[in-house]
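What follows is a single structure, written as C-alpha coordinates, with notes after it.
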Amino acid sequence: MKACVLRTPEKVETNPLEYSDVETPEPREGELLVRVHACGVCRTDLHVIEGELPPRKSPVIPGHQVVGSVEKLGKGAERFGVGERVGIAWLHKTDGTCEYCRSGAENLCDAPEFTGYTVNGGFAEYVVAPENFVYAIPEGYPDEQAAPLLCAGIIGFRSLRLSEIKPGGRLGFYGFGAAAHVAIQVARHWNVEVYASTRDARHQKLAMELGAAWAGGTFDEPPKKLDAAIVFAPAGEIVPAALKALKKGGVLVLGGIHMSPIPSFPYDLLYQERMIRSVANNTRRDGEDFLRVAAEIPIRTRVEVFPLRDANRAVNALKNDAIPGAAVLRVAE
Ligand SMILES: [Zn+2]
Ligand SMILES: [Zn+2]
(Lines give C-alpha, C1' and ligand atoms only; values in the text may rest on other atoms or scores of the structure.)
(Ligands and ions follow the chains in the order given, each with its own letter.)
Protein backbone atom coordinates (compact mmCIF):
# COMPACT_ATOMS: atom_id res chain seq x y z
CA MET A 1 0.00 0.00 0.00
CA LYS A 2 0.96 3.65 -0.30
CA ALA A 3 1.68 5.50 2.92
CA CYS A 4 3.36 8.64 4.20
CA VAL A 5 6.05 7.34 6.51
CA LEU A 6 8.00 9.27 9.14
CA ARG A 7 11.47 7.77 9.66
CA THR A 8 13.02 10.46 11.85
CA PRO A 9 11.24 13.43 13.45
CA GLU A 10 12.26 16.63 11.67
CA LYS A 11 10.91 20.13 11.15
CA VAL A 12 8.08 19.91 8.62
CA GLU A 13 9.84 22.46 6.40
CA THR A 14 12.25 19.64 5.48
CA ASN A 15 9.28 17.55 4.20
CA PRO A 16 10.08 14.54 6.41
CA LEU A 17 7.10 12.37 5.34
CA GLU A 18 8.11 9.85 2.69
CA TYR A 19 5.36 8.83 0.29
CA SER A 20 6.30 5.22 -0.25
CA ASP A 21 5.18 1.59 -0.63
CA VAL A 22 4.87 -0.36 2.60
CA GLU A 23 3.32 -3.66 3.50
CA THR A 24 -0.46 -3.64 4.02
CA PRO A 25 -1.19 -4.56 7.65
CA GLU A 26 -3.20 -7.65 8.61
CA PRO A 27 -5.94 -7.42 11.24
CA ARG A 28 -5.26 -9.53 14.32
CA GLU A 29 -7.84 -10.95 16.68
CA GLY A 30 -10.54 -8.40 17.44
CA GLU A 31 -9.15 -5.91 14.92
CA LEU A 32 -10.45 -4.45 11.69
CA LEU A 33 -8.53 -3.65 8.54
CA VAL A 34 -9.91 -0.31 7.36
CA ARG A 35 -9.52 1.08 3.87
CA VAL A 36 -8.84 4.76 4.44
CA HIS A 37 -11.00 7.21 2.51
CA ALA A 38 -9.86 10.39 4.24
CA CYS A 39 -7.64 11.29 7.16
CA GLY A 40 -7.63 14.62 8.97
CA VAL A 41 -4.40 16.41 9.80
CA CYS A 42 -4.16 17.53 13.41
CA ARG A 43 -1.72 19.70 15.31
CA THR A 44 -0.73 16.58 17.24
CA ASP A 45 0.49 15.07 13.95
CA LEU A 46 2.71 18.11 13.69
CA HIS A 47 4.03 17.48 17.21
CA VAL A 48 4.72 13.83 16.32
CA ILE A 49 6.42 14.72 13.03
CA GLU A 50 8.61 17.40 14.60
CA GLY A 51 9.48 15.27 17.63
CA GLU A 52 7.87 17.52 20.24
CA LEU A 53 6.25 14.32 21.43
CA PRO A 54 9.11 11.90 22.13
CA PRO A 55 9.25 9.22 19.40
CA ARG A 56 7.55 5.98 20.48
CA LYS A 57 7.68 4.03 17.22
CA SER A 58 10.02 4.43 14.29
CA PRO A 59 9.31 4.45 11.46
CA VAL A 60 5.71 5.45 12.02
CA ILE A 61 2.76 6.43 9.83
CA PRO A 62 1.03 9.48 11.41
CA GLY A 63 -2.68 10.35 11.20
CA HIS A 64 -5.44 9.76 13.72
CA GLN A 65 -8.65 11.12 12.19
CA VAL A 66 -9.51 8.31 9.82
CA VAL A 67 -12.74 7.83 7.94
CA GLY A 68 -12.80 4.65 5.93
CA SER A 69 -14.62 1.43 5.28
CA VAL A 70 -14.13 -1.98 6.82
CA GLU A 71 -12.09 -4.08 4.41
CA LYS A 72 -11.45 -7.20 6.45
CA LEU A 73 -12.36 -8.59 9.86
CA GLY A 74 -9.80 -10.06 12.23
CA LYS A 75 -10.68 -13.25 14.07
CA GLY A 76 -13.67 -12.75 16.37
CA ALA A 77 -14.41 -9.20 15.14
CA GLU A 78 -18.16 -8.75 14.80
CA ARG A 79 -19.17 -5.20 15.70
CA PHE A 80 -19.02 -3.96 12.11
CA GLY A 81 -19.60 -5.57 8.74
CA VAL A 82 -17.30 -5.50 5.73
CA GLY A 83 -17.94 -2.29 3.77
CA GLU A 84 -19.37 -0.39 6.74
CA ARG A 85 -18.11 3.18 7.16
CA VAL A 86 -16.13 3.71 10.35
CA GLY A 87 -13.90 6.23 12.08
CA ILE A 88 -10.60 5.77 13.91
CA ALA A 89 -9.40 8.34 16.43
CA TRP A 90 -6.32 9.05 18.57
CA LEU A 91 -7.01 6.48 21.29
CA HIS A 92 -6.01 3.22 19.59
CA LYS A 93 -6.51 1.12 22.69
CA THR A 94 -6.20 1.01 26.46
CA ASP A 95 -5.21 -1.82 28.80
CA GLY A 96 -8.71 -1.92 30.32
CA THR A 97 -7.25 -2.99 33.67
CA CYS A 98 -5.50 -0.01 35.29
CA GLU A 99 -7.18 2.09 37.99
CA TYR A 100 -8.10 4.78 35.44
CA CYS A 101 -9.71 2.39 32.98
CA ARG A 102 -11.64 0.74 35.81
CA SER A 103 -12.94 4.08 37.07
CA GLY A 104 -14.25 5.33 33.72
CA ALA A 105 -11.25 7.54 32.96
CA GLU A 106 -9.73 5.47 30.18
CA ASN A 107 -8.40 8.69 28.64
CA LEU A 108 -5.83 8.63 31.47
CA CYS A 109 -4.92 4.94 31.03
CA ASP A 110 -1.46 3.96 32.29
CA ALA A 111 -0.67 1.91 29.18
CA PRO A 112 -2.46 3.45 26.22
CA GLU A 113 -1.68 3.08 22.53
CA PHE A 114 -2.20 6.03 20.22
CA THR A 115 -3.04 5.98 16.53
CA GLY A 116 -0.36 7.48 14.33
CA TYR A 117 2.08 7.71 17.24
CA THR A 118 2.66 4.42 19.09
CA VAL A 119 1.01 2.43 16.26
CA ASN A 120 0.64 3.26 12.58
CA GLY A 121 -2.09 5.68 11.62
CA GLY A 122 -4.12 6.87 8.67
CA PHE A 123 -1.73 8.70 6.34
CA ALA A 124 -1.97 5.46 4.37
CA GLU A 125 -4.30 3.43 2.22
CA TYR A 126 -5.02 0.95 5.02
CA VAL A 127 -4.87 0.93 8.79
CA VAL A 128 -5.77 -1.59 11.50
CA ALA A 129 -7.55 -0.85 14.77
CA PRO A 130 -9.28 -2.83 17.54
CA GLU A 131 -12.98 -2.89 16.70
CA ASN A 132 -13.88 -1.78 20.23
CA PHE A 133 -12.09 1.53 19.66
CA VAL A 134 -13.64 2.20 16.26
CA TYR A 135 -16.62 4.56 15.78
CA ALA A 136 -19.62 4.35 13.51
CA ILE A 137 -19.73 7.49 11.33
CA PRO A 138 -23.11 9.24 11.20
CA GLU A 139 -24.81 9.01 7.83
CA GLY A 140 -24.91 12.06 5.63
CA TYR A 141 -21.39 13.27 6.32
CA PRO A 142 -19.05 13.22 3.34
CA ASP A 143 -15.77 11.50 4.29
CA GLU A 144 -13.67 14.68 4.29
CA GLN A 145 -16.25 16.53 6.38
CA ALA A 146 -16.34 13.74 8.95
CA ALA A 147 -12.58 13.28 9.36
CA PRO A 148 -11.93 16.41 11.49
CA LEU A 149 -14.70 15.38 13.88
CA LEU A 150 -12.54 12.49 15.07
CA CYS A 151 -9.91 14.48 16.94
CA ALA A 152 -10.44 18.20 16.51
CA GLY A 153 -14.12 17.54 17.16
CA ILE A 154 -13.90 15.05 20.02
CA ILE A 155 -11.13 16.88 21.90
CA GLY A 156 -12.93 20.19 21.43
CA PHE A 157 -16.05 18.55 22.84
CA ARG A 158 -14.20 17.19 25.87
CA SER A 159 -12.66 20.65 26.39
CA LEU A 160 -16.16 22.17 26.33
CA ARG A 161 -17.35 19.65 28.89
CA LEU A 162 -14.39 20.31 31.20
CA SER A 163 -14.94 24.09 30.91
CA GLU A 164 -18.30 23.55 32.67
CA ILE A 165 -19.75 26.31 30.52
CA LYS A 166 -23.52 26.77 30.91
CA PRO A 167 -26.13 27.96 28.40
CA GLY A 168 -25.99 31.74 28.23
CA GLY A 169 -22.39 31.75 29.50
CA ARG A 170 -19.42 33.51 27.93
CA LEU A 171 -16.62 31.32 26.64
CA GLY A 172 -13.24 32.35 25.26
CA PHE A 173 -11.32 30.45 22.60
CA TYR A 174 -7.58 31.09 22.26
CA GLY A 175 -6.47 29.91 18.85
CA PHE A 176 -9.08 29.24 16.21
CA GLY A 177 -8.03 26.23 14.17
CA ALA A 178 -9.70 22.92 13.44
CA ALA A 179 -10.85 22.14 17.00
CA ALA A 180 -12.22 25.61 17.72
CA HIS A 181 -14.13 25.83 14.46
CA VAL A 182 -16.01 22.67 15.46
CA ALA A 183 -16.34 23.52 19.16
CA ILE A 184 -17.89 26.91 18.40
CA GLN A 185 -20.74 25.16 16.59
CA VAL A 186 -21.45 23.05 19.66
CA ALA A 187 -21.15 26.10 21.93
CA ARG A 188 -23.56 28.14 19.79
CA HIS A 189 -25.95 25.18 19.78
CA TRP A 190 -25.83 25.31 23.60
CA ASN A 191 -26.53 29.05 23.44
CA VAL A 192 -23.08 29.99 24.69
CA GLU A 193 -21.49 33.33 23.64
CA VAL A 194 -18.05 32.80 22.11
CA TYR A 195 -15.13 35.26 22.23
CA ALA A 196 -12.33 34.22 19.86
CA SER A 197 -8.75 35.39 20.36
CA THR A 198 -6.41 34.42 17.55
CA ARG A 199 -3.45 36.04 15.80
CA ASP A 200 -4.59 35.22 12.27
CA ALA A 201 -7.10 37.56 10.60
CA ARG A 202 -8.53 34.73 8.46
CA HIS A 203 -9.24 32.74 11.59
CA GLN A 204 -10.87 35.77 13.24
CA LYS A 205 -13.09 36.11 10.18
CA LEU A 206 -14.04 32.42 10.31
CA ALA A 207 -14.92 32.78 14.01
CA MET A 208 -17.28 35.67 13.24
CA GLU A 209 -18.87 33.73 10.37
CA LEU A 210 -19.49 30.84 12.75
CA GLY A 211 -21.29 33.05 15.25
CA ALA A 212 -18.63 34.43 17.60
CA ALA A 213 -19.78 37.51 19.56
CA TRP A 214 -16.29 39.01 19.18
CA ALA A 215 -12.97 38.14 17.56
CA GLY A 216 -9.65 39.83 18.21
CA GLY A 217 -5.91 39.30 18.53
CA THR A 218 -4.48 36.69 20.88
CA PHE A 219 -3.51 39.24 23.52
CA ASP A 220 -6.41 41.67 23.04
CA GLU A 221 -8.63 41.69 26.09
CA PRO A 222 -12.14 40.46 25.22
CA PRO A 223 -14.80 43.17 25.82
CA LYS A 224 -16.52 41.12 28.55
CA LYS A 225 -15.25 38.92 31.37
CA LEU A 226 -15.51 35.21 30.55
CA ASP A 227 -17.01 32.34 32.54
CA ALA A 228 -14.50 29.96 30.98
CA ALA A 229 -11.90 29.80 28.26
CA ILE A 230 -10.22 27.09 26.22
CA VAL A 231 -6.66 27.49 24.96
CA PHE A 232 -6.30 25.55 21.72
CA ALA A 233 -3.04 27.17 20.61
CA PRO A 234 0.08 25.37 21.92
CA ALA A 235 1.60 28.58 23.29
CA GLY A 236 2.13 28.81 27.06
CA GLU A 237 2.40 32.62 27.00
CA ILE A 238 -1.35 32.70 26.33
CA VAL A 239 -2.16 31.26 29.77
CA PRO A 240 -1.69 34.49 31.81
CA ALA A 241 -3.61 36.51 29.19
CA ALA A 242 -6.47 34.03 29.25
CA LEU A 243 -6.57 33.98 33.06
CA LYS A 244 -6.82 37.75 33.01
CA ALA A 245 -9.96 37.50 30.87
CA LEU A 246 -11.75 35.17 33.32
CA LYS A 247 -14.37 36.07 35.90
CA LYS A 248 -13.92 34.98 39.50
CA GLY A 249 -14.32 31.22 39.69
CA GLY A 250 -13.70 30.90 35.95
CA VAL A 251 -12.22 27.77 34.41
CA LEU A 252 -9.31 27.77 31.97
CA VAL A 253 -8.98 24.58 29.93
CA LEU A 254 -5.77 23.80 28.07
CA GLY A 255 -6.87 21.76 25.07
CA GLY A 256 -3.55 20.63 23.61
CA ILE A 257 -1.32 17.62 24.10
CA HIS A 258 1.76 19.84 23.91
CA MET A 259 2.35 23.43 25.00
CA SER A 260 5.42 25.62 25.18
CA PRO A 261 6.43 26.55 28.76
CA ILE A 262 3.97 28.65 30.71
CA PRO A 263 5.60 31.84 32.00
CA SER A 264 5.27 32.72 35.68
CA PHE A 265 2.46 35.13 36.52
CA PRO A 266 1.16 36.97 39.59
CA TYR A 267 -1.01 34.91 41.91
CA ASP A 268 -3.76 37.53 41.52
CA LEU A 269 -4.52 36.13 38.07
CA LEU A 270 -5.38 32.75 39.57
CA TYR A 271 -6.79 33.83 42.94
CA GLN A 272 -10.58 34.04 43.45
CA GLU A 273 -10.93 30.35 42.71
CA ARG A 274 -10.02 30.50 39.07
CA MET A 275 -8.92 27.10 37.86
CA ILE A 276 -6.57 25.78 35.17
CA ARG A 277 -6.87 22.25 33.84
CA SER A 278 -5.51 20.29 30.94
CA VAL A 279 -7.31 17.87 28.63
CA ALA A 280 -5.75 14.48 27.98
CA ASN A 281 -7.11 12.37 25.14
CA ASN A 282 -10.74 11.31 25.36
CA THR A 283 -12.88 8.42 26.42
CA ARG A 284 -14.88 6.41 23.91
CA ARG A 285 -17.96 7.82 25.60
CA ASP A 286 -16.81 11.37 24.69
CA GLY A 287 -16.40 10.25 21.10
CA GLU A 288 -19.77 8.57 20.87
CA ASP A 289 -21.59 11.43 22.60
CA PHE A 290 -19.88 13.98 20.40
CA LEU A 291 -20.63 12.17 17.12
CA ARG A 292 -24.29 11.99 18.13
CA VAL A 293 -24.40 15.72 18.94
CA ALA A 294 -22.49 16.52 15.74
CA ALA A 295 -25.11 14.75 13.64
CA GLU A 296 -27.98 16.42 15.52
CA ILE A 297 -26.74 19.99 15.10
CA PRO A 298 -25.49 19.17 12.36
CA ILE A 299 -21.90 20.38 12.52
CA ARG A 300 -20.43 21.49 9.22
CA THR A 301 -16.65 21.41 9.02
CA ARG A 302 -14.61 23.63 6.70
CA VAL A 303 -11.91 21.56 5.15
CA GLU A 304 -9.06 21.98 2.75
CA VAL A 305 -8.38 18.71 0.97
CA PHE A 306 -4.93 17.49 -0.09
CA PRO A 307 -4.05 14.24 -1.85
CA LEU A 308 -2.26 11.69 0.37
CA ARG A 309 1.00 12.16 -1.50
CA ASP A 310 0.95 15.87 -0.51
CA ALA A 311 0.89 15.26 3.24
CA ASN A 312 4.04 17.35 3.68
CA ARG A 313 2.31 20.29 2.04
CA ALA A 314 -0.70 19.83 4.31
CA VAL A 315 1.33 19.78 7.55
CA ASN A 316 3.30 22.84 6.42
CA ALA A 317 0.09 24.71 5.67
CA LEU A 318 -1.23 23.76 9.12
CA LYS A 319 1.95 24.99 10.80
CA ASN A 320 1.71 28.30 8.94
CA ASP A 321 -1.92 28.88 10.01
CA ALA A 322 -2.80 28.82 6.32
CA ILE A 323 -5.91 26.66 6.70
CA PRO A 324 -9.22 28.16 7.81
CA GLY A 325 -10.84 25.09 9.36
CA ALA A 326 -9.18 21.71 9.02
CA ALA A 327 -6.73 20.04 6.64
CA VAL A 328 -7.76 16.61 5.36
CA LEU A 329 -5.91 14.09 3.23
CA ARG A 330 -8.02 12.39 0.59
CA VAL A 331 -6.79 8.84 0.28
CA ALA A 332 -9.39 7.01 -1.81
CA GLU A 333 -12.84 7.54 -3.33
ZN1 LIG B 1 -5.81 1.58 31.56
ZN1 LIG C 1 -5.46 15.12 17.03
Side-chain angles (χ1 to χ4, degrees), residues 1 3 22-40 42 44-45 56-57 60-98 100-143 145-155 157-158 281-295 329 331-332:
M1 67 170 184
V22 300
E23 208 169 314
T24 305
E26 275 293 316
R28 291 171 301 182
E29 191 166 349
E31 290 183 338
L32 306 173
L33 176 68
V34 172
R35 179 168 178 259
V36 181
H37 300 174
C39 185
C42 168
T44 301
D45 296 313
R56 293 272 303 272
K57 175 185 186 316
V60 67
I61 301 170
H64 56 271
Q65 303 185 85
V66 175
V67 175
S69 50
V70 177
E71 180 80 9
K72 194 172 167 186
L73 305 174
K75 196 172 156 221
E78 53 179 24
R79 260 188 86 202
F80 299 96
V82 170
E84 212 168 317
R85 202 161 68 123
V86 294
I88 300 173
W90 172 243
L91 194 62
H92 173 81
K93 120 174 149 187
T94 57
D95 60 11
T97 56
C98 75
Y100 301 101
C101 285
R102 282 185 284 119
S103 66
E106 65 181 358
N107 61 305
L108 302 178
C109 178
D110 280 332
E113 299 281 354
F114 297 116
T115 314
Y117 179 40
T118 69
V119 299
N120 282 334
F123 291 5
E125 290 179 311
Y126 294 93
V127 60
V128 290
E131 64 167 359
N132 289 335
F133 286 81
V134 165
Y135 298 95
I137 296 292
E139 275 176 42
Y141 270 102
D143 296 329
Q145 288 264 317
L149 300 179
L150 288 160
C151 183
I154 296 174
I155 296 295
F157 186 67
R158 185 169 177 87
N281 318 311
N282 64 274
T283 63
R284 282 171 278 179
R285 172 94 195 272
D286 292 323
E288 277 150 19
D289 290 351
F290 169 67
L291 290 171
R292 193 167 48 244
V293 171
L329 301 178
V331 181

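Scope of the values below: all heavy atoms of this structure, side chains included, with no hydrogens, waters or symmetry mates.
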| field | Residues Trp90, Asn281; criterion side-chain hydrogen bond (donor to acceptor under 3.5 Å, both in side chains); working and verdict | value | CA-CA 7 Å; Trp90 172 243; Asn281 318 311; 2.9 Å; yes
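- The 12-atom threshold is exceeded at CZ of Phe80, counting heavy atoms of other residues, nucleotides or ligands nearer than 6.0 Å.
- Counting heavy atoms from C-beta outward, Ile88 and Leu150 have side chains that stay 4.5 Å or more apart.
- Summarising the geometry of Gln145 relative to Leu149, their closest heavy-atom pair is O-CG, 4.0 Å, with the distance given to 0.1 Å.
- Across all their heavy atoms, Cys39 and Gly122 have their closest contact at CB-O, 3.4 Å.
- Using modelled atom types and a 3.5 Å distance limit, the side chains of Glu113 and Thr118 yield a donor-acceptor pair.
- Side-chain atoms of Glu84 come within 3.5 Å of backbone N or O of Gly81 as a donor-acceptor pair.
- Glu31 places no side-chain N or O within 3.5 Å of a backbone atom of Val128 that could act as its donor or acceptor partner.
- For the pair Tyr100 and Asn107, the minimum side-chain heavy-atom distance is 4.5 Å or more.
- Here the closest heavy-atom approach between residue Pro112 and residue Cys109 is recorded as CD-O, 3.2 Å.
- The closest donor-acceptor contact from the side chain of Gln65 to the backbone of Cys151 lies under 3.5 Å.
- At least one cation-pi condition fails for Arg158 and Phe290: the charged atom is not both under 6.0 angstrom from the six-membered ring centre and inside a 45 degree cone around its axis.
- Counting heavy atoms from C-beta outward, Asn120 and Lys57 have side chains that approach closer than 4.5 Å.
- The closest side-chain heavy-atom distance from Leu32 to Leu73 is below 4.5 Å.
- Scanning both residues, Val36 and Ala332, for their nearest heavy atoms gives O-CB, 3.6 Å.
- In this structure, Val22 and Met1 have side chains that are in contact, with non-hydrogen atoms separated by less than 4.5 Å.
- A salt bridge between Arg85 and Glu139 is absent, with no side-chain N of the basic residue lying under 4.0 Å from a carboxylate O of the acidic one.
- A donor-acceptor pair is defined here as one N or O able to donate and one able to accept, closer than 3.5 Å; no such pair exists between the side chain of Arg284 and the backbone of Leu91.
- The two residues Gly63 and Asp45 have their closest heavy-atom pair at N-OD1, 3.2 Å.
- Across every non-hydrogen atom of His92 and Ala129, the tightest pair is CE1-CA, 3.8 Å.
- The backbone N or O of Phe114 sits nowhere less than 3.5 Å from a side-chain atom of Arg56 that would complete a donor-acceptor pair.
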